[in-house]
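Numbers restart at 1 for each chain; the letters A, B, ... are given by sequence-line order, proteins then strands.
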Amino acid sequence: MLAMNSTLLVGPSDWDAVRMPKAEFVARAAAFWRDNPPASGTIVYGDRVNHAELAYLTNFTPKLEAALALIPRDGAPQLLVGGGVNMLPAARPLTFVEDLRPLRNVGSTVAKWSHEQGGGTPVLIGGGFMPYALHQEIAAALSGEMDDKTAELRRLMGRKRARELAAQRETCAALDAAVAAMRAAQGSGADVTAAVLAGEQAANRRGAQEVRTLFSLDGGRTLRPFDTLVERAVDPLQVYVAVRKLGYWAEGFAVLTASTHPCARRAHAVLRPAVARMQAGEHCAELARSIAQEGLPLHPIAAEVVGNAIGLALEEHPVISTGCDNAIEPGGVYSLRVGLSNPRGHAIVSAMVAVHDWGNEVLWFSPEPAR
Amino acid sequence: MTFDERLAAIRAGMIGHGLDLIVAVHDGAHFIETPNPVFVLSGFKSLGPTAFVLPRDGEASLIVTPAWDAERATDCCPKLRVVAADDVVDALEGTCSRHLSRSGKIGLAGLAATRWDIAGRLAQMLPQASAADDIVFDAAAAKTVEEIAHAREATRIAELGYARLIEIARPGMSEDALAAELRWYTKTLGAEDNFLLLCAGPRNAAVAPSNGRVMQHGDILVAEITPSYRGQLAQICRTATLGPADAELKHKYGLLVRAMNAGIAAARPGVPMASVCSAINTVLETEGYGEYCHPPHIRRRGHGLGFGSIRPGDVSLDNDTLLAEGMVFMIHPNQHLPETGYLLCGEPVLLTARGAEPLTKQRSALFEIGL
């Protein structure tokens with residue numbers, strides 16, 4: 001779900017060698033090389049907004065300027081960090097990669113590195129996120145079209161390894177703390193800003209790296225980001241919260257209200273069986289149709305897309321909609337939402353679900369309003 | 001200047017360059033160093049990729065993604081035709097053809113910084129378009145009355161943020177925890193974002209994004225606190241010590257403050273920005289720090305403040321931009337000295353007929369946090 005990104009990332013992003021040992025990243029890269037035998041190496045781009053692939057292979061979160069990882073099939077990776085040589089000491093704790101250099105003269109650096117990979121062709125990951133000028137520079141340095149393998153890596157990222165799942169469980173716990181804090185604040189009469197920020201603070205205190213929120217001032221009909229103080233209380237308060245911790249995202253929608261909320265109850269009633277259907281092999285299109293076929297008026301925000309895989313990126317492949325050809329996969333973690341909208345009310349609720357070979361595990365479920 | 005006057009100036013620029021249409025694009029990744037032409041033209045800070053289509057005469061269009069955010073755009077920009085879209089480039093194709101025959105001349109603004117998966121398609125769609133960045137951003141070199149008011153409020157928030165920093169910063173606290181708390185705090189005051197660079201150490205090489213380093217007694221804490229209020233950034237650059245500062249540090253910091261004040265005094269309408277930099281450098285050169293007034297030790301002595309336009313650009317020796325009333329920018333000596341490491345000292349200023357008016361109530365002073 002798209003929400004406002006920040007101009008600079010703050011929040012703990014240091015590499016934790018116990019939680020995610022170097023061997024984990026080596027194994028991830030090895031899986032990529034197995035799937036891409038002709039590649040001599042990979043050039044991986046990441047920035048503050050889009051860095052899931054870079055983090056997957058290097059743990060590095062570019063907090064300020066962009067970074068480029070040069071990862072050979074054989075040998076040690078390099079990480080080119082934006083912002084100049086004086087930024088390198090601050091960047092060092094964020095990754096296991098030891099060879100850190102400033103991101104400058106990108107074209108010639110990439111050309112030289114590519115040549116050093118024994119004549120093969122490196123592939124590109126994250127190329128779509130690069131600024132136009134940088135993409136042109138690298139394309140010129142590599143003399144033509146670059147083979148972008150972002151989608152291939154994302155397929156690998158879709159199956160969460162054990163340590164990743166553990167991280168995502170912790171993130172869901174932080175999400176739960178955030179929503180609980182918002183609920184408590186809203187329930188005690190706090191204004192919208194105070195309620196939303198109570199949640200953000202709760203997530204921060206649980207070690208969140210990033211918190212993004214949306215909220216509604218019109219009973220859930222529309223959502224908006226924080227752009228100015230809202231010093232009035234609202235009930236019901238529809239919220240969206242996304243929390244990133246240990247690199248992994250969790251997101252949730254909730255309706256916060258002291259009253260009964262028939263629309264939210266109905267949405268929960270639709271969400272529960274939809275979550276139960278989230279089993280390995282279930283077709284995403286069928287899952288989306290099962291929500292639509294309840295015959296209830298769908299909320300515009302959750303009408304076409306009812307969910308997606310989630311992990312190091314807030315939105316990973318596949319996106320769950322009636323037009324999706326994919327199936328739910330074992331090892332995947334998903335966000336699933338149900339949104340209803342009618343003249344009497346609006347509600348979007350959601351769940352975070354991990355899918356295993358043996359069934360599924362609900363990592364987080366939107367709290368239900370009072371009965 | 002008013003917003004309407006700025007738009008009229010941009011349209012005059014279009015006539016001067018023979019353009020029938022300006023297309024401005026931004027990918028939704030808001031960054032302090034990247035000017036946003038869509039924000040300049042509309043005042044709308046987007047969640048996702050957006051575009052603005054400005055014909056020489058007639059109604060302008062704002063293309064907004066995701067589609068569900070269009071209503072917020074309409075509320076923000078009631079005079080514009082708002083187009084809700086799922087894909088900004090697809091929507092642009094329809095909108096441009098509405099305004100223009102095949103022979104119309106188009107100017108493009110924002111392309112170089114926009115991410116490749118949008119910019120590449122746009123460049124293919126409009127291969128004959130010329131760069132129009134200067135037309136848009138030159139007209140936005142002076143801030144509007146509203147932007148100046150927002151800069152004042154952002155400055156007020158920055159100063160309160162600094163007061164909070166010196167209240168809570170303590171040995172044993174990590175840089176990340178301090179930065180997260182401070183960022184949250186400025187949000188409670190109304191800042192929707194904060195470019196918050198903060199780090200501490202016995203001797204800093206630069207100011208850098210925070211990491212997990214635990215602050216120690218005797219550390220020098222440097223911070224660029226840069227809240228955004230309704231999309232307008234303002235920044236203060238501050239230095240504090242965890243515990244008493246030694247005499248040498250106090251003396252050197254005093255030197256920086258004198259350098260800053262010389263820069264502020266030099267900033268007047270009609271003078272080139274380079275002379276502001278030169279005035280700062282002269283104070284340091286007189287004390288024998290000439291070598292440290294140039295790269296690699298220092299890149300610039302200040303900069304513009306977005307998120308819209310970042311004109312008048314860097315406070316640097318190679319910037320010949322003539323200063324004019326209404327410009328808002330940073331004057332910050334921020335200097336590495338061999339005896340102390342990197343120290344921060346800087347104010348946001350508004351250029352008036354009388355010269356540079358710092359927006360802060362209290363100018364930089366070295367603060368010793370009592371422990």
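Classification of B/R213 and A/D14 as a salt-bridged pair fails, no side-chain N sitting under 4.0 Å from a carboxylate O. Ion pair B/E146/B/R230 not flagged as a salt bridge, since none of the NZ, NE, NH1 or NH2 atoms sits closer than 4.0 Å to an Asp/Glu carboxylate oxygen.
Contacts with chain A were tallied for B/G28, B/G190, B/A180; B/G190 has the most, counting heavy-atom pairs under 4.5 Å. The candidate with the highest count of non-hydrogen atom pairs below 4.5 Å against chain A, out of B/L178, B/T65, B/L196, is B/L196. Ranked by heavy-atom pairs shorter than 4.5 Å toward chain A, the options B/R72, B/E71, B/R183, B/K187 are led by B/K187. Ranked by heavy-atom pairs shorter than 4.5 Å toward chain B, the options A/A208, A/P225, A/P131, A/G128 are led by A/G128.
Within the 4.5 angstrom heavy-atom criterion, atoms from both the backbone and the side chain of B/N211 approach chain A. Contact of B/N204 with chain A is not made at all, since no heavy-atom distance falls under 4.5 Å. For A/Q136, the part sitting under 4.5 Å from any heavy atom of chain B is the side chain, from C-beta outward, and nothing else. Neither the backbone nor the side chain of B/Y185 has a heavy atom closer than 4.5 Å to any heavy atom of chain A. Contact annotation for B/T34: neither backbone nor side-chain heavy atoms come within less than 4.5 Å of a heavy atom of chain A. For B/L197, the parts sitting under 4.5 Å from any heavy atom of chain A are the backbone and the side chain alike. Only the side chain of A/P93 has a heavy atom closer than 4.5 Å to any heavy atom of chain B. Both the backbone and the side chain of A/S6 come within less than 4.5 Å of a heavy atom in chain B. Residue contact with chain A, scored on non-hydrogen atoms closer than 4.5 Å, is absent for B/Y342. Of the two parts of A/L134, neither the backbone nor the side chain holds a non-hydrogen atom closer than 4.5 Å to a non-hydrogen atom of chain B. Residue contact with chain A, scored on non-hydrogen atoms closer than 4.5 Å, involves the backbone of B/A191 exclusively. The part of A/N204 that comes within reach of chain B is its side chain, from C-beta onward, which places non-hydrogen atoms under 4.5 angstrom from that chain.
B/H297 and B/Y292 have tilted rings, their planes meeting at an angle from 30° to 60° on a 0 to 90° scale.
Residues A/L223 and A/F253 share a closest heavy-atom pair of CD1-CE2, 3.9 Å.
Side-chain N or O atoms of A/Q238 include none that pairs as donor or acceptor with a backbone N or O of A/R221 at under 3.5 Å. A donor-acceptor pair under 3.5 Å is formed between the side chain of B/Q232 and the backbone N or O of B/G306. Listed for the A/T7 side chain is a donor-acceptor partner under 3.5 Å among the backbone atoms of B/I32. Side chain of B/E175 to backbone of B/A200: a donor-acceptor contact under 3.5 angstrom is found. Using a distance-only test at 3.5 Å, with no hydrogens or angles considered, no donor-acceptor pair links the side chain of A/H135 to the main chain of B/A119.
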Residues B/E224, B/L344; criterion side chain to side chain contact (heavy atoms under 4.5 Å, CB included); working and verdict:
CA-CA 8 Å; B/E224 283 189 358; B/L344 294 193; 3.7 Å; yes
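A/I138 is listed as a side-chain neighbour of A/V106, based on a closest heavy-atom distance under 4.5 Å.
B/P35 meets the side-chain contact (heavy atoms from CB on, under 4.5 Å) test with B/F137, B/I310; sequence neighbours excluded.
Interatomic distance, B/S228 OG to B/K45 NZ, rounded to the nearest 0.5 Å: 4.5 Å.
When the options A/H317, A/R337, A/E316 are evaluated for a side chain to side chain donor-acceptor pair (under 3.5 Å) with A/N308, the one that passes is A/R337.
The interface of residues 110-118 of chain B with chain A, defined by heavy-atom distances below 4.5 Å, comprises B/L111, B/A112, B/A113, B/T114, B/R115, B/W116, B/D117.
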